[in-house]
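Chain letters run A, B, ... following the sequence lines, proteins first and then strands; every chain starts at 1. We use all heavy atoms of the structure for the numbers below, so side chains are in, but hydrogens, waters and symmetry mates are not.
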Amino acid sequence: MKKAWRLIEALLVTVLMLTIVPQKTSAADKQEARTDNYLRNVKRKGELVMGTSPDFPPYEFVKNVNGKSKVVGMDIEVGKKVARDMGVKLVVRTMDFDSLLVALETGKVDMVISGMDATPKRAQSVDFSRAYYKSGQNLLIRTEDQDKYHDYKSFAGKAIGAQTGSMQATLIKQQAKKSKLKTMDKDNDLVLGLKTHKFDAVAVDKATAEAFAKNTSGIMVIPSGFKVDSAGSAIAFHKGAKSLVKQANKSIAEIKQKDLINQKYLPKAGKYLAGGKSKKENKASNSMWAYKDFFIAGVGYTLFISAISVFFGFLLGAILAFMRLGRNQIARSVATAYIEFVRGTPLMVQLLFIYFGLGLIINIPALLSGIIAVSLNSAAYVAEVIRSGISSIAVGQTEASRSLGLSRTATMRYVIMPQAMKNIWPALGNEFVSLIKESSIVSVIGVKDLIYQSRIVQADTYRGVMPLVITMILYFIITFGLSSLMKVFERKMNHD
Amino acid sequence: MTDKSPVIKVEHLQKSFGNNKVLKDINAEVNEGQVICLIGPSGAGKSTFLRCLNLLDQPSSGKVIFENKELTALSEDQLDQLREKMGMVFQQFNLFPHMSIIENIKLAPMKVKGMSSKDAEAKGLELLRQVGLEDKADAFPASLSGGQQQRVAIARALAMDPEVMLFDEPTSALDPEMVGEVLKVMQDLAQKGMTMVVVTHEMGFAKNVADEVWFMADGYIQEKAAPQQFFTQPQTQRAQDFLARVLEA
């Protein structure tokens, strides 16, 4: 009998997974069918949504403008130009470079401009515009090593860093075969890795390399020596969105004809990079205090996400726990399957699945996706905490209560739960603390939580370690505060 | 006493746990005001039988009839209503450790019968007085001795005005010097005419208080007899062996 239910549970999980797949293909088919409505749809919306990974100065980066974070850079100017030519407003949505193409495929964004090269491999899944800018490839090295290294060939047996999923990573793999490739998500981390000797060079785009070298002490630019047959940076659109590509190409033709990038866009980005101040003033604004609003906003988001997720996680977790303890065989199997499945898969994947996967059916904003993912994940753990808390109460308590004529519900309410809470409470506190920490994963899809903000401050100040230290301290204050609060209640409960 | 219909009637009761047949075929009747003592070797199914009477254990087959109602056929709600009329006292007392003594006693009258807190309190204090523990009303179970806890457990069951009291080895978990105080309370109860079914190893209690002794072994009631007759002239070989071993010890 037990075996049979195990089997049914396994089946449930499989069915759950399979139901997603057909919906995905049908949604994709639908999108394929209305190919030429892309431009019309954008015009009807009145806005063109651009996806970008803002850690790539001077292409795109985040700047503290009058105390508010703003995505600026050359690509933003290109995006604005394209939007203006379509007669709509530009909306910028930020996320990790890795997530950009998925966001495009799942309709989270209308286009991607992120210093992205139009490689043939990428062109298989998206449609590119003509190139709007062609830059070179450079290596960043530590200034002290300038006599040792000349181009990629000097790095035989040594490690070179590059951004995950970037063209530079591919170049290293294909051409610098004697070197080891180390990838990281963020350019800031790469520069930090270089300075802390994690590797001896970082392969980046020329414009980016120059921006970093100018703003970071102790590193310099050398030629890469890579043979590049790239067509240059281009705008990516959904596969089949020919109407948008055609319209964008018109704008790009004008940009090229008037040399807008070199004449207007790059100088403007450079002004943001320098902060429009002398070098001394620039340094002053790099002090962490100047970015306090970023950290405050980050703490706010982290607390907001955590608080809502704790609430719903607890509610759903309690329901699941009672389903699992109840007599209804079906409810029990559903709850068990859910708990095992959620605990057996990484939160990261669950988050991406909700944001991108379910995004094919309904469009859930990043913040809401983050809250849903963290809540659903936490519920599984809370359910187990509650279940084991209840199971730990001796069966004699239930029997005594039932023999007195108390119903199942009354027994749970007056006899079991008050005792179980004493066991559940400390474990629940631990679960909430780890929820706060794990909520940091939402930064992956661009939710502006504490981690996300610290990334921005890193990018903005060209300082790698200090923002991390501050972030760590802030997380600690939050989690320590929470666990202290839980202990106060715990003590109170034990006194009663 | 016996010409009325029985309070509890058991017909062809069977109970298995997995492949283990604990009760094989039990037929018995308990009449109003009767005190039954169930004795027999451990593993004979005495406790299981008792727990089948108020369906804490669901019988595998057979009937349990209480107040002319067949319990195995009842819904959970109906069962709750009948359970309150069958008080039960456990080997491990099973007081609620998060409640004071008086709260332990008040809980069921208030939540099941809807009695006011004041009435329940008055009743609880009266019952505590009867078991000699009125000064412990506000203490918590953990601060009481085993004998005191068991007396509270009896008072708690009595607070529901049960028609039958079921005792599941009420003195087995007690230190020897505390057995007496609990048996005394039970004896008082029997004298007041309470119908009682008692699983016990206290042969003295069975001899002096019981109206009938049921000897159980191997999943059957092997012998039913008045205590005088059972302890002097047991009919079955199993009972003779059992008594020889028990009385020798």
Side-chain angles (χ1 to χ4, degrees), chain A residues 1-6 318 322-323 325-332 385-386 388-428 486 488-496, chain B residues 18 47 50-51 53-58 75-100 103-115 140-141 149-150 152-162 164-168 173:
Chain A
M1 197 57 196
K2 251 188 180 162
K3 251 187 200 159
W5 280 106
R6 278 275 153 76
F322 286 117
M323 279 169 75
L325 287 167
R327 284 165 305 167
N328 187 320
Q329 193 71 260
I330 294 169
R332 214 153 60 191
V385 165
I386 293 178
S388 65
I390 290 173
S391 304
S392 71
I393 303 303
V395 66
Q397 292 289 307
T398 306
E399 291 181 344
S401 174
R402 297 306 300 276
S403 78
L404 287 166
L406 272 86
S407 68
R408 199 171 254 275
T409 322
T411 299
M412 194 48 91
R413 180 166 160 203
Y414 299 113
V415 177
I416 304 303
M417 277 321 276
Q419 298 183 57
M421 272 320 279
K422 283 183 193 177
N423 299 331
I424 291 171
W425 195 257
L428 213 51
M486 297 291 280
V488 169
F489 282 112
E490 196 182 322
R491 230 169 290 141
K492 235 181 193 170
M493 220 159 23
N494 285 337
H495 274 292
D496 284 348
Chain B
S47 290
L50 199 69
R51 292 157 60 85
L53 292 182
N54 67 351
L55 260 67
L56 278 185
D57 281 339
Q58 181 77 32
S75 73
E76 180 120 353
D77 282 350
Q78 293 168 313
L79 202 54
D80 284 338
Q81 283 171 15
L82 287 178
R83 273 206 188 106
E84 63 175 89
K85 296 180 185 172
M86 288 198 258
M88 188 156 189
V89 176
F90 301 84
Q91 185 177 353
Q92 299 294 340
F93 332 133
N94 295 346
L95 295 183
F96 307 135
H98 60 299
M99 296 180 183
S100 70
E103 283 168 346
N104 261 276
I105 299 174
K106 282 164 70 181
L107 179 71
M110 286 171 64
K111 301 304 174 193
V112 179
K113 290 190 163 172
M115 200 181 271
F140 277 81
Q149 288 196 47
Q150 194 61 297
V152 171
I154 294 171
R156 181 175 70 177
L158 290 173
M160 293 302 284
D161 296 319
V164 184
M165 283 287 281
L166 310 175
F167 292 85
D168 186 5

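Proximity to chain A is limited to the side chain of B/Phe90, based on heavy atoms less than 4.5 angstrom apart. Using a 4.5 Å cut-off between heavy atoms, A/Arg327 touches chain B through its side chain atoms alone.
Taking 4.5 Å as the limit, some side-chain heavy atom of A/Met412 sits within range of a side-chain heavy atom of A/Ile390. Counting only heavy atoms from C-beta outward, the side chains of B/Leu50 and B/Met88 approach each other to under 4.5 Å.
Ranked by heavy-atom pairs under 4.5 Å with chain A, the first of B/Val89, B/Asn54, B/Leu107 is B/Leu107. Ranked by non-hydrogen atom pairs under 4.5 Å with chain A, the options B/Gln91, B/Met160, B/Lys113, B/Arg156 are led by B/Arg156. Chain A forms the most heavy-atom pairs under 4.5 Å with one residue out of B/Leu55, B/Leu95, B/Asp77, and that residue is B/Leu95.
Within the model, atoms CD1 of A/Ile393 and CG of A/Asn423 stand 5.0 Å from one another, a figure rounded to the nearest 0.5 Å. With rounding to the nearest 0.5 angstrom, the CG atom of B/Asn104 is 10.5 Å from the OG atom of A/Ser401.
Using a 4.0 Å cut-off between charged side-chain N and carboxylate O, B/Asp80 and A/Arg402 make a salt bridge.
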